[in-house]
Amino acid sequence: MHSDQSYTGSLQTFRHGVHPESYKERSSASPIERMPFVEEYTMHLNQHLGAPSKPIVREGQRVRRGELIAEAGGFVSVALHAPVDGTVVAIDLFSHPNGQMQPAIKIRIDPYSTQRMEVPLPEIPVEQMDYQAFINGVQQAGIVGMGGAAFPAHVKFAIPEGKVCRYLMLNGCECEPFLTCDHRIMVEYADALIDGTRILQHFVQAEKIFIGIEANKPDAIAILREAAGSSGLPIEVAPLQVKYPQGAEKMMITAILGEEVPSGKLPLDVGTMVSNVGTIVAVADYFRRSKPLIERVLTVTGTAVQRAANLLVPIGTPMRQVVEYCGGITVPSPRILLGGPMMGMVQKNLDVPVVKGTSGILILTDKEVQSFDTYSCIRCGRCLDACPLFLNPAKMGLLAKNGLWDELEENNVLDCFECASCSFVCPSGIPLVQSFRVGKSMIREKKARENK
Ligand code: SF4
Ligand code: SF4
C-alpha cells in the first residue's frame with residue numbers, strides 16, 4: 001500500500017462482480033419511522049457471532065428500557081439489554097431466525113411504557129478513557145456489526161499487537177438490492193455518524209477516514225460531504241461504482257485503495273478497519289446518549305408487502321407485527337427473506353423476533369423466487385467472470401457435487417464469502433453458493449474432528 005494512496009475522484013470499484021436490479025426505489029425516499037411498541041419482546045441470547053450472552057435476570061423480574069438483562073459470555077460476545085420497560089415472563093427456548101429453537105428472554109411490556117430512555121446511565125467521558133475501557137464499553141453496549149453479520153464490534157475495533165489502523169473505512173455501500181436502511185441512516189443520522197466516527201478516530205488515530213457509498217445515493221453523498229467538511233476530521237467521502245458486492249469489506253478496500261486483501265487475511269493486515277455506518281451510529285448512541293443497542297433501523301420491502309418502509313424497531317419485536325405495521329402481506333403464499341435477495345436467509349414464517357442482525361425483511365411473491373430447473377454446466381465461464389475473489393466456482397461446484405471436500409478446500413472454497421454472484425449469473429441454474437455452504441461446513445466439521 002502506498003502512503004499517498006487515496007481516493008482519486010473517479011468512480012472506483014473492484015474487478016468482477018455483477019449488476020442485479022436494485023429495486024431500492026420503493027423505500028429509498030421513505031424517512032425512518034419509529035415502530036410503535038407491541039406487547040411482548042423476545043431477546044435471543046445468541047443474536048451475534050460468538051458465545052451467547054448469559055442472562056442475569058429471572059422470571060418475574062421488572063426491567064427498565066436499556067437495562068442490562070444478559071452479560072457477554074466471553075470476549076467474542078456482547079451484552080444484551082431490555083428494549084422496553086416490562087416484566088420478564090419467560091426464559092426459555094423460542095424460535096430464532098436461524099431456524100432453530102434457541103434460549104431467549106421474553107419481556108412483557110408495561111402498559112404505559114414510553115420509548116424515552118428510562119435508565120439514566122452515568123455520563124460516559126469517552127475521550128478520557130483508555131483504549132481498553134473504550135473496547136469494554138462497546139462490548140457492554142451490546143454493539144455488533146449492523147450490516148447483517150452481527151460480529152461483535154469491540155472485537156473488530158481492538159487492534160492486535162503489531163498492527164496499525166492507517167485507514168478507517170465506513171461502509172455505506174449497501175449494495176444488496178431492495179435494502180435502504182443504511183441509505184436512510186446516512187441521510188437522517190449524518191451528525192451521529194460523524195460523532196461516532198470522531199469517537200472511534202480518537203482511539204484508532206487513522207491517517208485517513210473514508211466513507212464508501214455507492215453512487216446511486218447522491219443525497220447521502222452530498223449530506224455526508226457537508227457534515228464531514230465541517231468536522232475537522234480527515235474524512236473523504238468516496239462515491240463508488242454501483243456493483244454487487246461492492247459493500248463486501250475486501251471489495252470496498254480494493255475499490256478505495258486499489259489494494260487487495262490477500263486470501264486468509266483480514267482488513268487490518270492491510271492497515272484498514274472497516275465498519276458499517278449503522279454500527280458507528282450505535283457507538284455515538286451509547287457514548288453520547290447512554291443508549292445501548294436496543295433498537296435498530298431495518299427495511300421492510302418487496303413486491304408482496306403492502307407498504308415498503310424504513311423502521312426504527314426495538315430488538316425482539318415479532319416480525320409478524322413489523323410486517324403488519326406495514327399493512328401486511330398481499331399474496332397468499334409469500335416468500336420471506338431476511339436481508340437482501342443475494343445474501344439473505346430464507347425464512348419459513350414471520351413467527352420470529354427481530355435480532356440485532358436483521359437489516360431487512362423482504363417479502364416476495366412465490367413466482368419471483370420460484371426455483372428453476374438445473375442443467376449441466378456448459379462451461380460458459382460466466383461464474384469465473386463474476387466471482388470478486390477470482391475463485392473458480394464451476395470447478396468448485398463440481399467438486400462439491402461429488403463430495404470431494406479435500407480438493408474443494410485446495411480450491412480455496414473457505415475464502416468464498418457466499419456473495420452468490422456466481423449463482424446469479426449461471427445460465428444452467430446450478431445452486432453453486434448452496435453447494436459451497438455445504439462444502440464449507442463439511443470441511444470445518446472434518447477439521448474439528450481431526451483437532452479433537
Ligand atoms: S459465492 Fe463465493 S465463489 Fe461465488 S462469486 Fe461469491 S465469493 Fe465467488
Ligand atoms: S456459470 Fe454455470 S454453466 Fe457457466 S461455467 Fe459457471 S457453473 Fe458452468
Side-chain angles (χ1 to χ4, degrees), residues 13-22 49 145 147-149 151 171 173-179 214 240-255 259-267 269-270 274 337-346 359 369-444:
T13 191
F14 60 97
R15 287 195 291 156
H16 291 185
V18 293
H19 292 92
E21 187 76 39
S22 98
L49 291 183
F151 187 71
N171 190 346
C173 291
E174 201 168 46
C175 59
E176 266 278 2
F178 285 99
L179 300 186
E214 279 194 343
L240 302 173
Q241 217 182 87
V242 180
K243 188 163 75 167
Y244 181 87
Q246 183 66 85
E249 283 186 350
K250 290 187 175 183
M251 307 309 79
M252 197 171 78
I253 291 171
T254 303
E259 180 81 6
E260 287 191 4
V261 183
S263 164
K265 298 285 183 190
L266 296 170
D269 292 314
V270 294
V274 185
L337 282 166
L338 298 188
M342 297 297 282
M343 290 185 80
M345 206 165 42
V346 176
S359 53
V369 279
Q370 68 186 347
S371 40
F372 296 96
D373 291 336
T374 299
Y375 302 97
S376 300
C377 172
I378 56 168
R379 303 192 179 186
C380 65
R382 287 194 202 171
C383 55
L384 279 83
D385 291 339
C387 181
L389 296 182
F390 292 80
L391 301 175
N392 185 335
K395 186 175 179 192
M396 288 175 5
L398 210 57
L399 294 170
K401 190 176 168 195
N402 292 307
L404 297 169
W405 311 128
D406 289 339
E407 290 85 342
L408 188 62
E409 189 181 357
E410 282 160 22
N411 279 269
N412 302 316
V413 73
L414 293 179
D415 283 346
C416 165
F417 62 103
E418 301 170 19
C419 70
S421 297
C422 50
S423 303
F424 178 76
V425 294
C426 178
S428 294
I430 300 170
L432 294 164
V433 70
Q434 287 87 342
S435 70
F436 304 154
R437 254 178 230 142
V438 173
K440 283 162 73 176
S441 75
M442 297 304 283
I443 292 165
R444 288 193 181 116

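Just so you know, these numbers come straight off a predicted model, no measurement behind them. Whatever order the structure lists them in is the order used to number ligands and atoms, beginning at 1.
At the top of the distance list for atom 8 (Fe) of ligand 1, counting protein heavy atoms only, stands C387 SG, 2.4 Å. Among protein heavy atoms, atom 3 (S) of ligand 1 sits closest to F436 CE1, 3.7 Å. Here the heavy atom of the protein found nearest to atom 2 (Fe) of ligand 1 is C416 SG, 2.4 Å. Given atom 6 (Fe) of ligand 2, the protein heavy atom at minimum distance is C383 SG, 2.3 Å.
With hydrogens and angles ignored, the 3.5 Å screen pairs a side-chain donor or acceptor of Y244 with a backbone N or O of C419. Not one N or O on the side chain of T374 forms a donor-acceptor pair closer than 3.5 Å with the backbone of I430. Using modelled atom types, no side-chain atom of S22 and backbone atom of P177 make a donor-acceptor pair closer than 3.5 Å. At least one donor-acceptor pair closer than 3.5 Å links the side chain of K243 to the backbone N or O of F14.
At a threshold of 4.5 Å between non-hydrogen side-chain atoms, the residues H16 and S421 do not count as touching.
Nearest-heavy-atom check against atom 4 (Fe) of ligand 1 across C426, C422, G17 picks out C422.
Heavy atoms of A420 come nearer than 4.0 angstrom to ligand 1 in at least one pair. Using a non-hydrogen distance threshold of 4.0 Å, V425 does not register as a contact of ligand 2.
The contact set between ligand 2 and C377, taken as ligand atoms under 4.0 Å from a residue heavy atom, comprises 3 (S), 5 (S), 7 (S), 8 (Fe). Taking a cut-off of under 4.0 Å to the non-hydrogen atoms of S428, the atoms of ligand 2 that pass are 3 (S).
Nearest heavy-atom pair across V274 and N171 is CG1-CB, 4.1 Å.
Tested against L399, the residues N392, V413, L408 include a single side-chain contact (heavy atoms from CB on, under 4.5 Å) partner, L408.
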